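Quick caveat, the model's predicted, so the values are computed rather than measured.
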2 protein chains.
Amino acid sequence: MGRVRNRWGEGERLRGEILAGASRLLSELGGGDGLTIRGVARAVGIAPASIYQHFVDREALLRGLSEHEFGRLREVMRVAEEGAGDAVGRLRAQVHAYCAFAVENPGHYRLMVGHGAVRSGAGSAPVGPLMDVVAGLRVGFERCAEEGRASRVPAERAAVMLFVGAHGRVALLHSNPGETRPEAVGSFVDELVDLLLV
Amino acid sequence: MGRVRNRWGEGERLRGEILAGASRLLSELGGGDGLTIRGVARAVGIAPASIYQHFVDREALLRGLSEHEFGRLREVMRVAEEGAGDAVGRLRAQVHAYCAFAVENPGHYRLMVGHGAVRSGAGSAPVGPLMDVVAGLRVGFERCAEEGRASRVPAERAAVMLFVGAHGRVALLHSNPGETRPEAVGSFVDELVDLLLV
DNA sequence: CAAGTACCCGAACGAACGTTTGGTAACTGT
DNA sequence: ACAGTTACCAAACGTTCGTTCGGGTACTTG
């Protein structure tokens, strides 16, 4: 092993390398199911046992990885939205960024949606990272309404429909690679936005 | 084992029992990933080796099971459609039957959509069992148009949108059980139909 | 320089898996 | 009765997995 050992306060650095290695593996594998402790250890170049210094078990690694990637997704969507012009453009930018992330990172996406992305919150209302995405879309629809382009259904429902549509389209592409060109996802969500806005 | 051996011409009977056992297992497991040769053998009450008389390997078993279940889905959708009245009712009945099947059979559904349900056909047009479902929905929209309730987008696109929406909603319910009540799927697709029809 | 400690690993355990091999028992046609 | 065929299985092989245990190595501190 050409690996250099971390210094005293830098034990946390291996944690980052483990997450990065797992992330790399996730790009090659289809999803979290194929992600093994031993595989991650091989990818990072460490012993399987070393992973247990930073994650108590496989589930904890998957949870940590999911949270890590949700951070990336939020950032990508935020940047995309800021770069757009009017309200409709910002809404489109949000959902396009979401789809692009999902299309380019099938393994990450599958892990994220399948791993506690939506929990049952207070009053049985769903909460979680994915619901934050829906909330962002709802704000987008509300801004559109203020600029004169109302949605055919209440903003909340429009946001859910757009999100569910995007998720469904992406999921179909992932489970049937080669079914269509990835760009078809973008035009699908564009159609959906057109349908939702009056 | 109290298992009685099949008679001469009845070797094919075990094939059916294997598929039935695998189907039962699929209801308990989340999807095809957890379906093992040994597990199926245990469920049916036979030796693992006996499965290889009817399926050359694990992949073949999964393929056979997927085809078997697509037959069931088609039948359920056909019956539901026949029992409905006007064109809109028949369209709704189709998609409701689809969702009900998916909600009640999470394991089967995941296996079906993830296992060659859409293949690249001639001219890069997607074909496969799932596309048959879309075709059925398109006919439904066309019938609605003939009865005076046209869709806001061409029937082909409306069918795709409805299908993708239903798939997305079901997939979300499956990856996050307890997120909402299963009945929410039905009302979601109803909303979607209302949005699509003028 | 000695003690302490943060960091990491080699080796092993037990369990599960897909698949192959070499059968045995039951039944049928002659 | 006997050969041939069908239907099924016990046992094993080799692999991979998650996880644990008992250290060892190199750095910091006193």
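- Spacing between atom CD1 of B/Ile51 and atom P of D/dC9 amounts to 10 Å, rounded to whole angstrom units.
- Contacts of A/His174 classified as ring pair (Phe, Tyr, Trp, His ring centres under 6.0 Å), with partners at least two apart in sequence or in another chain: A/Tyr109.
- Taking 4.0 Å as the cut-off between side-chain N and carboxylate O, A/Arg152 and B/Asp194 do not count as a salt-bridged pair.
- Distance CD (B/Glu17) to C1' (D/dA7): 12 Å, rounded to an integer number of Å.
- B/Phe188 meets the ring pair (Phe, Tyr, Trp, His ring centres under 6.0 Å) test with no other residue; sequence neighbours excluded.
- For B/Arg157, the side-chain hydrogen bond (donor to acceptor under 3.5 Å, both in side chains) criterion is met by A/Glu191, not counting sequence neighbours.
- A/Asp33 places its CG atom 19 Å from the P atom of D/dT16, with the value rounded to the nearest Å.
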**Request:** Heavy atoms under 4.0 Å is the rule here; annotate nucleotides 16-22 of chain C 5' to 3' with B where the base is hit, S where only the sugar-phosphate is, and - elsewhere.
**Result:** -BBBBB-

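- Minimum heavy-atom separation, B/Phe141 to B/Ser151: CD2-CB, 4.0 Å.
- Residue B/Gly32 comes nearest to B/Arg58 through the heavy atom pair O-NH2, 3.1 Å, listed as atom of the first residue, atom of the second, then distance.
- Rounded to whole Å, the distance from CD on A/Glu12 to P on C/dC8 is 10 Å.
- With sequence neighbours excluded, no residue forms a side-chain hydrogen bond (donor to acceptor under 3.5 Å, both in side chains) with B/Ser175.
- Atom CG of A/Leu61 is separated from atom P of D/dG18 by 10 Å (rounded to the nearest Å).
- Taking a cutoff of 4.0 Å between a charged side-chain nitrogen and a carboxylate oxygen, A/Arg78 and A/Glu75 qualify as a salt bridge.
- As a whole-Å value, the separation of A/Ile18 CD1 from C/dC9 C1' is 13 Å.
- Comparing the start and finish of the helix from C/dC1-D/dG30 to C/dT30-D/dA1, five pairs each, the helix axis swings through 10°, to the nearest 10 degrees.
- Atoms CZ (A/Phe55) and P (D/dT20) sit 16 Å apart, rounded to a whole Å.
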